[in-house]
Asks: 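After the structure tokens below, expect a handful of questions from me.
Each ligand, and each atom within it, is numbered from 1 in the order the structure gives.
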Amino acid sequence: MALKLYNTLTRDKQVFEPLDPNNVRMYVCGPTVYDFAHIGNARPVIVFDVLYRLLRHLYGEQHVTYVRNITDVDDKINARAARDFPDLPLNDAIARVTAQTTAQFHSDIAALGVLEPTVEPRATGHIDEMKAMIETLVAKGHAYVAEGHVLFNVPSMKDYGRLSGRSLEEMEAGARVEVAPYKRDAMDFVLWKPSKPGEPAWPSPCGIAEPGRPGWHIECSAMSEKHLGPVFDIHGGGIDLVFPHHENEVAQSCCAHGTPRMAQVWMHNGFLQVEGEKMSKSLGNFITINELLDTDRFGGRKWHGRVVRLAMLATHYRQPIDWTAERLTQARATMFEVAELLSGVEATGVPNEEVVDALSDDLNTPSALSIIYGLIKSARRNPDNAPALKATLQFMGLYGGESVDDLDPGHEARAVDAAAIEAAIAARLDARKRKDFKESDRIRDELAAQGIQFKDAKDPKTGEITTTWEVKR
Ligand code: AMP
Ligand code: ZN
């Protein structure tokens, strides 16, 4: 089956035709490294890892180039560095913050079964490329110098707004922020800006005397050109990046290179929220990948990275996703079963074709997973089917040889609070007597998320229900 992908640019699903099948090229906007990556940031990382694996399967491992950048110059990084290392010179503090955060990001996403991209460029390693592009844009009349800044002149690009589906008039009417006096047009955006003393700074382009630093959007235009060329196949990121980040990337790249497109296909993952609410520090539901893996802060337990991955892929990438302990508990139950079935099994053959077909339909992971549940069932009935299941799960990054114990991190350390469990059992039986089954189910699920399973027994004479419990692994 031909690979079909939904394209934000054309707003429909199209058959994917690479510009060069010998070198299929994909760029995905990576993290700004100032803090732990949160579980929302994990979504594009996992989703585009699945696409990378699929492209490698379809075109050959040697014929796919995947670039995922690191943004290591940003105001948020500067602020964090000043806060965390007040005694260090700012530039040293920044180097510490970006090195620590990048290392943490790498170890977090490796646990999620994510392959390394072909290239992981850093913004600070591409300042010369950014400056060259900025000079080109000025020379072609798409950008101008004003008060130590270089600005992209939005009205100079006829197609501006096409990716995000906004007209320039609408955008200008809606621009409520105070517009800097040096801008020719309210929508003009920064390509280069002056640095304050002590901030990271490079010699400026375009004859500007003061040293400065690049704007965020130009980073991706310069890095994608360097590693993938002026026009490439797929550009991805979260839906929040469509405007202004991706719209501005398109403007910069197309105007600098004189091309009608920057990427053939634009793909955007939907947003993740936590237990029904937008994730935010003030609501207390902000959850990092590291907290899921290494602390008991979500659902009262640590979660294995492959369980997190499976939970993420249960929803189609373009849909919003609600992150709950229940979702993780279900994924964990599946992974326990997989670990039991696959222990000691050698993978043979290729990934299941129906699974590949489901993924080829705009990465339909829910459909791929329902086929996989069928494969699990058939492996349970007949162990001869286990090797094919293993090959399929490995292909999707869902299995790396984990044992049942591995999938239950921290299980030895967790003390069971028997009194609290007995209280929960009493509350649940009470709720059932009131026929408040919503509440009784909620209590049962809450305990299940902590690995405590209830067993009900009915006294044959009195009809009374008693509940015992056990720790599931
Ligand atoms: P940032 O470091 O904020 O630029 O984000 C890195 C990546 O994570 C981008 O592709 C964002 O679109 C994506 N992202 C950020 N928050 C969420 C969220 N809550 N759900 C899904 N994707 C997100
Ligand atoms: Zn970008």
Asks: Less than 4.0 Å between a side-chain N and a carboxylate O, is that true for Lys76 and Asp35?
Replies: no
Asks: May I ask you to check if ligand 1 and Gly238 share an N or O to N or O distance below 3.5 Å?
Replies: yes
Asks: Between Val45, Asp240, Asn41, which one has a non-hydrogen atom sitting closest to atom 12 (O) of ligand 1?
Replies: Asp240
Asks: I need the atoms of ligand 1 closer than 4.0 Å to a non-hydrogen atom of Asn269, numbered in the order shown.
Replies: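 By the 4.0 Å cutoff, the relevant atoms are 21 (C), 22 (N).
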Asks: May I ask you to check whether Leu272 has an N/O atom sitting below 3.5 Å from an N/O atom of ligand 1?
Replies: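 For ligand 1, there is an N or O atom that lies under 3.5 Å from one belonging to Leu272.
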Asks: For Lys193, look at atom NZ and say whether over 12 heavy atoms of other residues, nucleotides or ligands are found less than 6.0 Å away.
Replies: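 Buried by this count: over 12 neighbours within 6.0 Å.
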Asks: Identify the heavy atoms of Gly161 and Glu247 that sit nearest to each other, and give their distance.
Replies: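 Looking at all heavy atoms of both residues, the shortest contact is N-OE2, 2.8 Å.
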Asks: Let me know which of Phe105, Phe286, Phe271 forms a ring-ring contact (aromatic ring centres under 6.0 Å, His included) with His38.
Replies: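 For His38, the ring-ring contact (aromatic ring centres under 6.0 Å, His included) test succeeds with only one of Phe105, Phe286, Phe271, which is Phe286.
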Asks: Answer with yes or no whether His38 contacts ligand 1, where contact means a heavy atom under 4.0 Å from a ligand atom.
Replies: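 Checking ligand 1 against His38, which is what was asked, there is a heavy-atom contact under 4.0 Å.
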Asks: For atom 13 (C) of ligand 1, what's the nearest protein heavy-atom neighbour? Residue, atom name and distance, please.
Replies: Pro44 CG, 3.8 Å
Asks: Check the Zn ion (ligand 2) and write out every protein N, O or S atom at under 2.8 Å, as residue and atom.
Replies: Cys29 SG, Cys220 SG, His245 NE2, Glu249 OE2
Asks: Measure the distance from atom 9 (C) of ligand 1 to every protein heavy atom, then report the residue, atom name and distance (to 0.1 Å) of the closest one.
Replies: Leu241 CD1, 3.7 Å
Asks: For Arg442, is there an ion pair with Glu446 - N to carboxylate O distance below 4.0 angstrom?
Replies: yes
Asks: Could you identify the single nearest non-hydrogen protein atom to atom 22 (N) of ligand 1 and state the distance to 0.1 Å?
Replies: Gly40 O, 3.1 Å
Asks: Between Tyr34 and Asn78, do the side chains contain an N or O donor and an N or O acceptor separated by less than 3.5 Å?
Replies: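 Result is no, nothing qualifies.
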Asks: Test the Arg184-Tyr144 pair against the cation-pi criterion, namely NZ or CZ under 6.0 angstrom from the six-membered ring centroid and within 45° of the ring axis.
Replies: yes
Asks: State whether Arg96 and Asp84 are salt-bridged, where the test is any N-O pair (Lys NZ or Arg NE/NH1/NH2 against Asp/Glu carboxylate O) under 4.0 Å.
Replies: no
Asks: Hey, what's the ring geometry for Phe16 with Tyr59, parallel, tilted or perpendicular (30° and 60° as the breaks)?
Replies: perpendicular
Asks: Can you name the salt bridge (Lys or Arg N to Asp or Glu O under 4.0 Å) partners of Arg327, sequence neighbours left out?
Replies: none
Asks: Show which atoms of ligand 1 fall inside a sub-4.0 Å distance from at least one heavy-atom site of Gly270.
Replies: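 Listed by number with element, the hits are 21 (C).
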Asks: Does Ala37 come within less than 4.0 angstrom of ligand 1, counting non-hydrogen atoms of the residue?
Replies: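 No, Ala37 has no heavy atoms under 4.0 Å from ligand 1.
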Asks: Relative to atom 2 (O) of ligand 1, which among Val28, Thr32, Asp35 owns the nearest non-hydrogen atom?
Replies: Thr32
Asks: On the six-membered ring of Tyr52, is Arg56 placed so that its NZ or CZ lies under 6.0 angstrom from the centre and within 45° of the ring axis?
Replies: yes
